[in-house]
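Structure, as structure tokens:
Model, not experiment: these values are computed from the prediction. Both backbone and side-chain heavy atoms feed into the values below; hydrogens, waters and symmetry mates do not. The chain is numbered in sequence order, starting from 1.
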Amino acid sequence: MGISPIPHKYWYGQEGRNRAIKAVKHVIENELNLSLEEIPSHVNHHFFKNHDLNGAFKIFDHSPFQVIETVYPGLFKPWQFANVPLNCWKDDEFIQETMEYLIFQQLHFSSYEEALLKVRKQHFFDYQLTGLFQMAFSSRLQKVLEWIQLRIKEKNHFLLVSK
């Protein structure tokens, strides 16, 4: 005898949302025993399908990041997930935040000037930021370098103005 199907309205409203949060957290922590570091690489479309959580997934507009942001607020960034939210690479603040993460936290460059000399196309692939490279910079390193040069100019202008 199989498991009975989930009632149609099970995931609706605030109560359904709370059920979804509990269910996702249960699968991550109890069934899969995932560490926090493993969550972005394991929670994707297949995760929801394989664990009969499609209804919960639908509540969050089919965005793995939105689900995890609700379950574990503030612990992850959208770019850590394979499926980055739609249009995020068109948002200047999001691009800025992601580039700073890549340049300073991942690559450990000490300045934009160092990044200008050392950043490579391969870095975007190495740190799973191909979407950023493709969408924000049209897959062109020259556009990345222009973006970095603009940050240097902005910083220098700020230093002149603040004196």
Side-chain angles (χ1 to χ4, degrees), residues 1-110 112 114-115 118-139 141 144 147-148 151:
M1 190 164 157
I3 299 171
S4 60
I6 294 173
H8 179 66
K9 302 243 180 202
Y10 187 78
W11 303 113
Y12 282 69
Q14 188 58 47
E15 192 175 327
R17 186 177 172 90
N18 291 340
R19 284 186 188 121
I21 292 167
K22 282 182 182 174
V24 168
K25 193 169 188 164
H26 173 79
V27 170
I28 289 170
E29 295 177 4
N30 300 108
E31 291 182 28
L32 299 177
N33 249 348
L34 296 178
S35 68
L36 287 176
E37 294 79 29
E38 294 173 305
I39 291 173
S41 61
H42 284 81
V43 177
N44 53 35
H45 295 85
H46 300 291
F47 168 89
F48 295 95
K49 184 178 182 194
N50 294 342
H51 297 283
D52 295 322
L53 293 170
N54 279 328
F57 195 38
K58 187 177 178 183
I59 293 172
F60 297 96
D61 295 326
H62 297 96
S63 167
F65 172 73
Q66 292 301 332
V67 175
I68 296 304
E69 177 62 18
T70 304
V71 177
Y72 303 100
L75 293 182
F76 299 96
K77 298 292 183 184
W79 66 80
Q80 293 176 289
F81 292 80
N83 298 93
V84 177
L86 196 61
N87 294 324
C88 72
W89 299 130
K90 293 179 181 178
D91 181 318
D92 290 336
E93 285 182 41
F94 192 75
I95 293 167
Q96 172 89 23
E97 184 179 352
T98 310
M99 284 297 292
E100 286 179 359
Y101 165 79
L102 174 65
I103 290 169
F104 301 115
Q105 292 179 29
Q106 294 301 117
L107 299 173
H108 305 289
F109 294 150
S110 61
Y112 281 120
E114 181 181 5
K118 295 182 177 179
V119 75
R120 300 287 172 259
K121 180 170 37 174
Q122 188 60 41
H123 292 141
F124 292 90
F125 296 94
D126 292 346
Y127 293 97
Q128 286 85 45
L129 292 172
T130 52
L132 169 66
F133 187 65
Q134 292 167 344
M135 302 303 288
F137 300 110
S138 305
S139 298
L141 185 60
V144 173
W147 184 92
I148 293 171
R151 302 291 88 70

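Rounded to the nearest 0.5 angstrom, Gln66 CD and Phe60 CZ are separated by 8.5 Å. Remark: Thr130 OG1 to Met135 CE distance equals 11.0 Å, nearest 0.5 Å. For the atom pair His51 NE2 and Glu31 CD, the distance stands at 6.5 Å (nearest 0.5 Å). Residue Tyr127 holds its OH atom at 8.5 Å from OH of Tyr101, rounded to the nearest 0.5 Å. With values rounded to the nearest 0.5 angstrom, Gln134 atom CD is found 11.0 Å from Phe124 atom CZ. Distance check: Ile148 CD1 to Glu114 CD gives 11.0 Å after rounding to the nearest 0.5 Å.
The neighbour count for Gln122 CD, taken as heavy atoms of other residues, nucleotides or ligands under 6.0 Å away, is above 12.
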| Please walk me through it: do Val67 and Thr70 pass side-chain contact (heavy atoms from CB on, under 4.5 Å)? | CA-CA 5 Å; Val67 175; Thr70 304; 6.0 Å; no

| Given Asn18 and Gln14, is the side chain to side chain donor-acceptor pair (under 3.5 Å) satisfied, shown in steps? | CA-CA 6 Å; Asn18 291 340; Gln14 188 58 47; 3.1 Å; yes

| task | Could you go through the side-chain contact (heavy atoms from CB on, under 4.5 Å) check for Leu129 and Gln106 one step at a time? | result | CA-CA 11 Å; Leu129 292 172; Gln106 294 301 117; over 6 Å; no

| task | Could you check Lys58 against Phe48 for side-chain contact (heavy atoms from CB on, under 4.5 Å), going step by step and ending with a plain yes or no? | result | CA-CA 10 Å; Lys58 187 177 178 183; Phe48 295 95; over 6 Å; no

| task | For the pair Ile28 and Ile68, evaluate side-chain contact (heavy atoms from CB on, under 4.5 Å) and give the outcome as yes or no after the intermediate values. | result | CA-CA 10 Å; Ile28 289 170; Ile68 296 304; 3.7 Å; yes

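Residue Met99 is tested with Phe94, Trp147, Phe104, Tyr112 for a side chain to side chain contact (heavy atoms under 4.5 Å, CB included); the sole match is Trp147.
Within the 3.5 Å criterion, the main-chain N or O of Leu34 finds no donor-acceptor partner in the side chain of Glu29. Between the Asn44 side chain and the His46 main chain, a donor and an acceptor come within less than 3.5 Å of each other.
Scanning all heavy atoms of the two residues, the minimum distance from Phe47 to Leu32 falls at CE1-CD1, 3.7 Å. Here the closest non-hydrogen pair linking Ala23 and Trp11 is CB-CH2, 4.1 Å. Closest of all the heavy-atom pairs between Ala20 and Ile59 is CB-CD1, 4.0 Å. Summarising the geometry of Leu102 relative to His123, their closest heavy-atom pair is CD1-O, 4.2 Å, with the distance given to 0.1 Å.
In this structure the side chain of Pro40 never reaches within 4.5 angstrom of the side chain of Phe65, judged on heavy atoms.
A donor-acceptor contact under 3.5 angstrom links the side chains of His26 and Asn30, judged on distance only.
Using cut-offs of 30° and 60° for the angle between ring planes, the Tyr72 and Phe76 rings count as perpendicular.
Judged as a side chain to side chain contact (heavy atoms under 4.5 Å, CB included), and not counting sequence neighbours, the contacts of Lys121 are Phe125, Phe133.
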